[in-house]
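Everything on this sheet refers to the single structure shown next.
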2 protein chains.
Amino acid sequence: MTGEDRATRLREAKARLRSHLEHRGLRSTRQRDAVLEAFLAADAHVSVEELCERVRDAHRSIGAATVYRCMGLFVQAGIAKERRFHEGRIRYEPGVGTEHHDHLICLACGDIQEFENPTIERLQDEIAGSRGFSVTYHRLELYGLCPRCKKIS
Amino acid sequence: MTGEDRATRLREAKARLRSHLEHRGLRSTRQRDAVLEAFLAADAHVSVEELCERVRDAHRSIGAATVYRCMGLFVQAGIAKERRFHEGRIRYEPGVGTEHHDHLICLACGDIQEFENPTIERLQDEIAGSRGFSVTYHRLELYGLCPRCKKIS
DNA sequence: ATGCTTGCAAACGCTTTGCATTTGA
DNA sequence: TCAAATGCAAAGCGTTTGCAAGCAT
């Protein structure tokens with residue numbers, strides 16, 4: 001991602017947050033700003049723990065509860081998407097400026113890559129449709145070893 | 001599943017457990033037998049909580065810890081497979097006499113259906129391969145509304 | 001008799017919640 | 001001003017673990 005992309009994404013995310021807050025009579029706070037900046041500056045798929053550390057660099061003594069509450073808010077505002085991989089804890093990825101995608105996860109180093117495959121998407125819809133299901137969302141995760149970890153082991 | 005299938009599965013599962021235990025110097029206990037019977041008698045995708053209730057019918061005052069330990073043992077013995085859907089808690093499905101499959105889950109009633117699609121499997125391998133990943137296992141879950149719940153809502 | 005198993009309760013890790021206090025509009 | 005937001009600590013939830021007592025071999 002280029003610096004301009006990042007700047008655009010930040011601007012758009014801030015705009016969405018502002019509108020979401022105004023629309024609901026909620027308030028803009030320094031904590032929310034700090035969490036948003038930390039979230040967008042981090043890699044995709046940050047955990048709350050990682051986010052807390054990052055936020056504390058800018059804003060001493062922010063509570064984990066606040067980070068959780070912020071992220072919940074961002075999800076509602078469409079700024080963040082929640083993901084739960086095999087480890088169980090929640091990770092967040094940007095919800096603006098990203099297309100739908102699935103994940104490839106290295107069990108050794110934890111690396112997470114994204115991919116997208118229209119054929120799989122279509123087949124999923126066909127399978128669901130043939131059983132009368134309407135799909136709200138799906139989860140497709142491939143777990144294994146990335147090239148580097150495969151070599152080491 | 002017919003009665004004979006069930007009987008066959010039960011027999012095979014017991015044999016596997018026995019051999020697993022002997023092989024490791026572990027012991028056969030009434031609790032392990034009771035949990036195995038309850039597990040195989042239950043629907044696929046039972047939670048530990050459901051399993052505890054069922055086991056208690058046969059064996060009063062069995063601890064949840066024991067059920068957790070039994071299921072861990074059964075997974076090691078290849079008798080059970082662990083699944084974690086959106087709710088977070090562990091569910092188990094039979095590991096003997098079942099083919100690999102993915103899941104279709106109704107968000108309203110919790111119904112879980114199984115499906116299998118060779119084309120999707122192949123595409124997954126291609127995607128992983130093209131990035132140098134070797135896949136150990138995957139997770140494909142389609143969440144939505146089953147025909148019945150779609151009608152009601 | 002030995003040491004694997006059990007059941008209980010306590011500990012766990014992550015997330016949510018209650019509440020007094022602070023803060024933004 | 002005054003409801004919304006924060007920070008802390010406590011509670012929640014499903015799961016795991018330590019330990020003394022029980023039981024299979």
Side-chain angles (χ1 to χ4, degrees), chain A residues 14 17-39 45-53 55-56 58-77 79-92 110, chain B residues 14 17-39 45-56 58-77 80-92 110:
Chain A
K14 284 189 170 173
L17 179 58
R18 197 180 323 117
S19 119
H20 183 84
L21 295 175
E22 282 173 6
H23 198 263
R24 310 196 170 202
L26 304 179
R27 292 170 186 169
S28 172
T29 66
R30 69 188 86 259
Q31 287 91 336
R32 284 174 178 164
D33 290 345
V35 175
L36 182 56
E37 304 242 0
F39 168 55
H45 316 115
V46 257
S47 65
V48 171
E49 193 183 4
E50 288 158 4
L51 218 37
C52 280
E53 288 169 17
V55 174
R56 291 212 178 94
H59 191 117
R60 211 62 34 186
S61 91
I62 193 164
T66 298
V67 176
Y68 276 105
R69 287 187 278 229
C70 282
M71 294 314 297
L73 182 70
F74 297 170
V75 169
Q76 283 182 37
I79 297 167
K81 283 183 189 158
E82 204 175 294
R83 299 277 185 186
R84 286 169 193 266
F85 300 115
H86 63 310
E87 357 141 85
R89 66 178 153 187
I90 304 175
R91 290 186 174 271
Y92 293 95
Chain B
K14 283 189 173 175
L17 179 58
R18 197 180 323 117
S19 120
H20 183 84
L21 295 176
E22 283 172 6
H23 199 262
R24 311 196 169 201
L26 304 179
R27 290 167 188 173
S28 173
T29 65
R30 68 188 88 261
Q31 287 90 336
R32 284 175 177 163
D33 290 345
V35 174
L36 182 56
E37 304 243 358
F39 169 55
H45 316 115
V46 256
S47 65
V48 171
E49 192 182 7
E50 288 158 5
L51 218 38
C52 281
E53 288 168 17
R54 285 175 159 275
V55 174
R56 290 213 178 93
H59 191 117
R60 210 67 27 191
S61 90
I62 192 164
T66 299
V67 176
Y68 276 105
R69 286 188 277 228
C70 282
M71 295 314 298
L73 182 70
F74 297 171
V75 169
Q76 282 182 36
K81 282 182 189 159
E82 203 175 297
R83 299 277 186 186
R84 286 169 193 264
F85 300 115
H86 63 309
E87 355 141 88
R89 66 179 155 185
I90 304 175
R91 290 185 175 272
Y92 293 95

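Just so it is clear: chains get the letters A, B, ... in the order the sequence lines come, proteins before strands, and each one is counted from 1.
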Could you state the [atom1]-[atom2] distance from [X] to [N], rounded to the nearest angstrom?
{"X": "Glu22(A)", "N": "dA4(D)", "atom1": "CD", "atom2": "C1'", "result": "15 Å"}
{"X": "Gln31(A)", "N": "dT21(C)", "atom1": "CD", "atom2": "C1'", "result": "13 Å"}
{"X": "Arg32(A)", "N": "dG24(C)", "atom1": "CZ", "atom2": "C1'", "result": "10 Å"}
{"X": "Asp33(A)", "N": "dA5(D)", "atom1": "CG", "atom2": "P", "result": "13 Å"}
{"X": "Arg60(B)", "N": "dG7(C)", "atom1": "CZ", "atom2": "P", "result": "13 Å"}
{"X": "Glu50(A)", "N": "dC14(C)", "atom1": "CD", "atom2": "C1'", "result": "14 Å"}
{"X": "Ile62(A)", "N": "dA9(D)", "atom1": "CD1", "atom2": "P", "result": "16 Å"}

- prompt: Contact class for Ser61(B) vs. all strands (heavy atom < 4.0 Å): base, sugar-phosphate, or nothing?
  reply: sugar-phosphate
field: Short side-chain N/O contact to dG7(C) OP1/OP2 from Thr66(B), under 4.0 Å
entry: yes
message: List the residues meeting salt bridge (Lys or Arg N to Asp or Glu O under 4.0 Å) with Glu82(A), not counting sequence neighbours, and say none if there are none.
response: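 Result, salt bridge (Lys or Arg N to Asp or Glu O under 4.0 Å) vs Glu82(A): Arg84(A).
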Under the salt bridge (Lys or Arg N to Asp or Glu O under 4.0 Å) test, residues paired with Arg91(A) that sit two or more places apart: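 If we apply the salt bridge (Lys or Arg N to Asp or Glu O under 4.0 Å) test to Arg91(A), skipping adjacent residues, the hits are Glu50(A), Glu87(A).
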List the atom pairs, donor and acceptor, that lie under 3.5 Å between side-chain atoms in residues 21-38 of chain A and the rest of the protein, sequence neighbours left out.
residue	atom	partner	partner atom	Å
Arg24(A)	NH1	Gln76(A)	OE1	3.2
Thr29(A)	OG1	Arg32(A)	N	3.1
Arg32(A)	NH1	Arg27(A)	O	2.6
Glu37(A)	OE2	Lys14(A)	NZ	2.8

task: List the protein contact pattern of nucleotides 20-25 of chain D with one symbol per nucleotide (5' to 3'): B for base contact, S for sugar-phosphate-only contact, - for none; contact means a heavy-atom distance under 4.0 Å.
output: ----BS
- prompt: When you measure from every atom of DNA chain D, which of residues 79-92 of chain A have a heavy atom less than 4.0 Å away?
  reply: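 Residues of residues 79-92 of chain A that come under 4.0 Å of DNA chain D do not exist, since none gets that close.
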field: Residues within residues 67-77 of chain A bordering DNA chain D, heavy-atom distance below 4.0 Å
entry: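 Going residue by residue through residues 67-77 of chain A, the ones with a heavy atom under 4.0 Å of DNA chain D turn out to be Arg69(A).
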- line: Between Val48(B) and Leu21(A), the residue closer to the 5' end of DNA chain D by nearest nucleotide is Leu21(A)
Would you tabulate the side-chain donor-acceptor contacts of residues 59-74 of chain B under 3.5 Å, counting partners in other chains and residues two or more places apart, or write 'none'?
residue	atom	partner	partner atom	Å
Arg60(B)	NH2	Arg56(B)	O	3.2

statement: Sorted by chain and residue number, the ring-ring contact (aromatic ring centres under 6.0 Å, His included) partners of His86(A) (sequence neighbours excluded) come out as Tyr143(A)
